[in-house]
Amino acid sequence: MSKGNSLMNRFYKSDFFYDFRKSPVTIVSFVVVLALILLAVFADLIAPTDPFDAKSLNLFNGFTPPMEPNAFTGETFTLGTDDQGRDLLSAIIFGLRVSLFVGLTAVILAMVLGVSLGLLAGYRGGWVDSVIMRAADIQVTFPSILIAMLIFGIARGLLPPDLRDELAITVLIIAIGLSEWVPFARTVRGTTMVEKEKEYVKAARLIGLSGRQIMLRHILPNVLSPVLVIATITLALAIIAEATLSFLGVGAPPTEPSLGTLIRIGQDFLFSGEWWILLFPAATLLALALSVNLLGDWLRDTLNPRLK
Amino acid sequence: MTDILLSVRNLRVVFPHRHGDLVPIDDISFNVKKGEIIGFVGESGAGKSMTGAAIMGLIDDPGIIESGEIWLGDVRIDQLDAKRLIKIRGKRIGMIFQDPLTSLNPLKTIGDQLVETILAHLPVNADQAKRRALIGLEEVGIDSGRFNAFPHEFSGGMRQRVVIALALAAEPELIIADEPTTALDVSVQAQVLELLKKLCRERNASVMLITHDMGVIAETTDRVAVLYAGRLAEIGNTASLLSSPRHPYTRGLIASTPSVEHGDISTHLYQIEGSMPRLDALPTGCSFHPRCQDALPRCRLRQPEVINESVACFLYE
Amino acid sequence: MLLIILRRLGQSFFVLFLVALISFMMFRYVGNPVDNLLGQEATVEQREALIEALGLNDPLFIQYFDFVTRVLQFDFGNSYRGALPVADMILERLPATLELALVSAFFAMFFGVVMGVFTAINRRGITGNFILSSSLIGVSLPTFLIGVLLIWVFSVELKWLPSFGRGEVVELGGWTTGFLTVSGLKSLILPGITLGLYQMTLIMRLTRAEMLEVLRQDYIKFARARGLSERAVYFGHALRNTLIPVITVAGLQLGSIVAFAIITETVFQWPGVGLMFINAVFFVDIPVMSAYLLLVGTLFVMINLIVDLLYLAIDPRIRDGQLKRQER
C-alpha cells in the first residue's frame, strides 16, 4: 500500500473508517454479519450433512442431544438432531441461507421499487408525485407485516394448491419487498426535490439529457448515502419479517425451512426437554438480526450530517 | 472595594476536541460595579455570549471552565455544585436570551412561568406569588388580563418584555442580557432597551449587555468592553471610548458603524479588512494583527496584556 | 379549524373506501365461492344457478354496493371451513384479543415512558446505558421469539405461568373476560408482555429521543437560568413537551398491537381473532381473511383519525392555527 492520496489511503484516513475502528461493537457486528453471510453462501461446502436428503436420514438418530453420542447409532452431532434425525447444525446453516436469501432479495426489491418511485415522484412532481405519495401514506397507516401477510394470503389464494409450497419463497420475497418500499421512496423523493433545483441538473437539462438519464446518472449517486442506511435497517426488518411469517406457518415451507420454521419446530419440543432444537436456531436468528441492526444504527449515526 | 458586584479573573473556557481543543475564551478579566450597565461588544464568535454563559454555569457540553475565577460579591461561583448554583441563578443573577420565541415554553401560560419562578426563589405562597407576577407584568407594560395567555399569542416585542419580567421576577442583583434586541424589529428595540434600563436603575441592579450593535452600546451603557477572538481588546467608559477609541479594532468598529448625525448619510461605509479568525485558525501573537494597519513587528510574537485596566495593545505599552 | 377536521375526515373515508374495495376484490376474485360451496363435481347448470343467485353476474359496482351494505349489517358471509357465519366467529373471539391488547398497551406505555424519561435524564449513568443497550436487543428480537423464550423460562423451567390458552374465563353478557379469575389473569401475563415488549422498546426510545430534544431547547436553558430546580425543569417543563409527540406516535402504534396480536396469539394458542386470521391465511379461507382485513383496516383508520384529532386538541399552537402541521 503506497502512501499518498490513493483511494484506499483516503479511506483508511477518513472519518468514516475512524469511527468504525473506534467502535468495537460495530466491528464485532460487521464480522458476525460477514461470517453468517459466508456460512450461508458456502452452505453446501460447510454443512456436514444435507439435512433434506431423505435417504441419508436415520430416524434412530432423532432427539440426540448436542455433542453426545446417540444411544442407538453412536453418531455425534455438534448441535444435536431434531425429531427426524436431521443434523441441527446443517439444518441451521441451510436455514440461514434461506433467511438471508429472502431477506436480501426482499430488500433489493423494496429498494429498487422505492428508489424508482421516489425519483419519479421527486423529479416529475405534479400528479405523479401526489399519487405516489398518497399511496405511500395509505400503505404506511398499516404495519408492514400485516401488508406482507395480506399479499401472501392473496397470492396463495390465486395459486393452485400444488404450486403453493413450491412458489412459497418467491411469494414471500415479493410480499416482504412490497411492504417495505415506502421509506426508500420518501427519502429519495425528498433528496430528489432538493437536487432538482441545483445547477448541475439545470445544466444537464440544457445539454439535452432526458429525464431518465438525469435521474439515474446525476441525482441517484447523491442519494445513495441515506439509501444505504435505510437498506441496512430494512434488511433487519425483512429478516425478522421472514422469520415471523415462517414461524406462523405462512412463509418458508418445511421442505425448505428457514430459521423461523426451525424455531416453530423447536417450540413443539420444549416441554419434552429437547431444548437444543429451539435454542440454536433462535440464537442464530438473534445474532443475525442484532448485528444487522447494530450496523444499521452505527451507519445512521456516522452518515448523519447534522451530528458533525 | 465594596461597590464591585461581579469579578471575573483570568477566565479561560475550553472545548476539548479530537482534532485540537477550541478556546472560545482565552484570558478575560473585568469587574461589574453595582448598579452599572456595562456593554460587551464584538463580532459573532468573539466570546461575548460565552462569557455570559460561563458566569451562569450554562456552557454547552463539552465546554468547561479550564481556569480563572468568577466572584459574585464574596462568593466564588465558578466551581459551585449544581444545588448551590440553582440558588444563584435567577435569585442573584438573571439572564435574558436573544430569541424571545424560543425562550418561553410554548405549552405553558406566561402566568404559570412567572409564578413558578417566583415560587422557586421567594418565600411566598401561591396567592402572593400570583400577585407579584401580576405586578411584574404591569411593570413591563403588559396588561394583567393576559396572565393566562400563551407565548405565541404575543408579538416579538411583548414576548421579550415577558422574558424581562421573568428574569427580574426574583429580584436579582445582576442581569446578563445576551443580544436582547437582535431578534426584534428596529422600531421595538429602543422601547425594550428603555424598559430594561429603567427597571434595572429602579432596582439598582447591574446589567451586562451583550451585543454586536455599537448603536445599542452608545445609547444604553455606562461602560463597555470590546472583545476580539476570545480576549479583551479594550474596556472603559462608554463616552470616552466612543469619542477616543484606543485599540485599532475599536477604532475600526466605530468607524464602520453608520451614523446619521451631522447629515452624514452619504459617507461611504467603512469596513475593517478581513474577518475575525476562526477559533481553530488563530494567528500567532496578537489575534488582530493581520488586520491591523498599525501593527508593529512585536505584535506577531506575543499576545498583548490589558494594561491600566483599559486596553490590550502594544501601541500603548 | 373546521376545515382541517373536515379534510381529515374526508381522507379517512377515502382510505376506508379503499380498504373495503380491496376486501371486496379479494372476496370476489381470489376466493372461489362457487367451487367451495358446490364442490368440484357440480354440474354446469348448478353452477350457473348459484352464480345467478349469488349475484355474480351483476355489474361490478352493484356487487360492491351489495357487499358494503351487507358489511354494514355485519354480514361477512360464511367461512369456507365449517360454513359458520364469519361475523359470529369474530364476535366470539374478539374479547380475547381486546383484553390482550389492553394489557399489553398498558404495559408498554407505562414502562416505556418511565424508562424513557429515566434514560434521558441519566444519560451518562450505567443503568441508563444498560437499559438502552437492552432496548436495542428488544428491537432485534422478533415478537414470536420473545414469546417462545418466555414460555421456556416461565412455563417449562419455572412452571410459574401457563403456556397456552386463556385459562378460566367468565361470561358477562356477550363478553368473555379473563380478568375475574386467577387462572385468567395468570394466562394474560406472558402473552401481554410478549405483545407489549416491542411497543415498550419503541416508546422508550421515542420518549428518550423526544426528551433529549426538548432538553436542548432554549426555554429549558432559560428555565435553568431562572434558577428552577432540576425537578421543576424535568417534570414541570420537559415532560409535558415530551409527552405530546410521544402519545401521538404511541397512539399510532396501538394499531400495530392488533397486527402483532396475530403472532402472540399463535405462539400462545390464544383464541382471538388473530389466530383465526392466520389459520384462514393458511387454509385460504377467503371470507374470514377478507372480513378480518376489513375490520382491522377500519380500526387503523379510526385510530389514526382519533390521534390526529387529539393532537389538534392538545397543542394550543395548532388549535389557534399558529403552527403548520408537521409532516410525520
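The analysis underlying the following values was restricted to heavy atoms, covering all of them including side chains, and did not include hydrogens, waters or symmetry mates. Per chain, numbering begins at 1; letters A, B, ... match sequence-line order.
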Beyond-backbone contact of [X] with [Y], side-chain heavy atoms, under 4.5 angstrom:
| X | Y | result |
| --- | --- | --- |
| C:Trp152 | A:Leu279 | yes |
| C:Phe144 | A:Ile263 | yes |
| C:Ser155 | A:Phe271 | yes |
| A:Met149 | C:Phe277 | yes |

If I measure from the heavy atoms of chain A, does [X] come under 4.5 Å with its side chain, its backbone, both, or neither?
| X | answer |
| --- | --- |
| C:Ile263 | both |
| C:Leu18 | side chain |
| C:Thr143 | neither |

* **Neighbour count above 12 (heavy atom, 6.0 Å) for C:Phe164 CZ** => no
* Does a sphere of radius 6.0 Å around NZ in A:Lys196 hold more than 12 heavy atoms from other residues, nucleotides or ligands, not counting ones at 6.0 Å or beyond? -> yes
What part of [X] is in contact with chain C, defined as an atom under 4.5 angstrom from a non-hydrogen atom: side chain, backbone, both or neither?
| X | value |
| --- | --- |
| A:Asp297 | side chain |
| A:Ala243 | both |
| A:Leu278 | side chain |
| A:Leu285 | side chain |

Atom [atom1] in [X], atom [atom2] in [Y]: separation rounded to 0.5 Å?
| X | Y | atom1 | atom2 | value |
| --- | --- | --- | --- | --- |
| C:Leu145 | A:Thr244 | CG | OG1 | 9.0 Å |
| C:Met289 | A:Leu150 | CE | CG | 6.5 Å |
| C:Leu141 | A:Leu290 | CG | CG | 8.5 Å |

Exercise: identify the closest heavy-atom pair between [X] and [Y]:
| X | Y | result |
| --- | --- | --- |
| A:Gly153 | C:Val281 | CA-CG1, 4.0 Å |
| C:Val267 | A:Gln267 | O-NE2, 3.3 Å |
| A:Leu270 | C:Val148 | CD1-O, 4.0 Å |

* What do the steps show when you test A:Leu146 against C:Ile262 for side-chain contact (heavy atoms from CB on, under 4.5 Å), and what is the final call? -> CA-CA 9 Å; A:Leu146 201 59; C:Ile262 299 177; 3.8 Å; yes
* To do: Tell me, with the steps shown, if A:Ile138 and C:Phe14 meet side-chain contact (heavy atoms from CB on, under 4.5 Å).
  => CA-CA 10 Å; A:Ile138 294 179; C:Phe14 178 68; 3.9 Å; yes
* **Options A:Asp137, A:Leu245, A:Leu158, ranked by heavy-atom pairs under 4.5 Å with chain C, top entry** => A:Leu158
* Asked: Among A:Val292, A:Leu237, A:Leu286, who wins on heavy-atom pairs under 4.5 Å with chain C?
  -> A:Leu286
* Asked: In terms of ring plane angle, is the pair A:Phe142 and C:Phe300 parallel, tilted or perpendicular, where the classes change at 30° and 60°?
  -> perpendicular
* Asked: Distance under 6.0 Å and angle within 45° of the ring axis: does A:Arg156 meet both against C:Phe283?
  ->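 Output no; distance or angle outside limits.
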* Asked: Going by the side chain to side chain donor-acceptor pair (under 3.5 Å) test, which pairs reach into residues 267-282 of chain C, not counting sequence neighbours?
  ->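 Of all non-adjacent pairs touching residues 267-282 of chain C, none passes side chain to side chain donor-acceptor pair (under 3.5 Å).
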* Asked: Taking C:Ile278, C:Val301, C:Val15 one by one, which has the highest count of heavy-atom pairs under 4.5 Å against chain A?
  -> C:Ile278
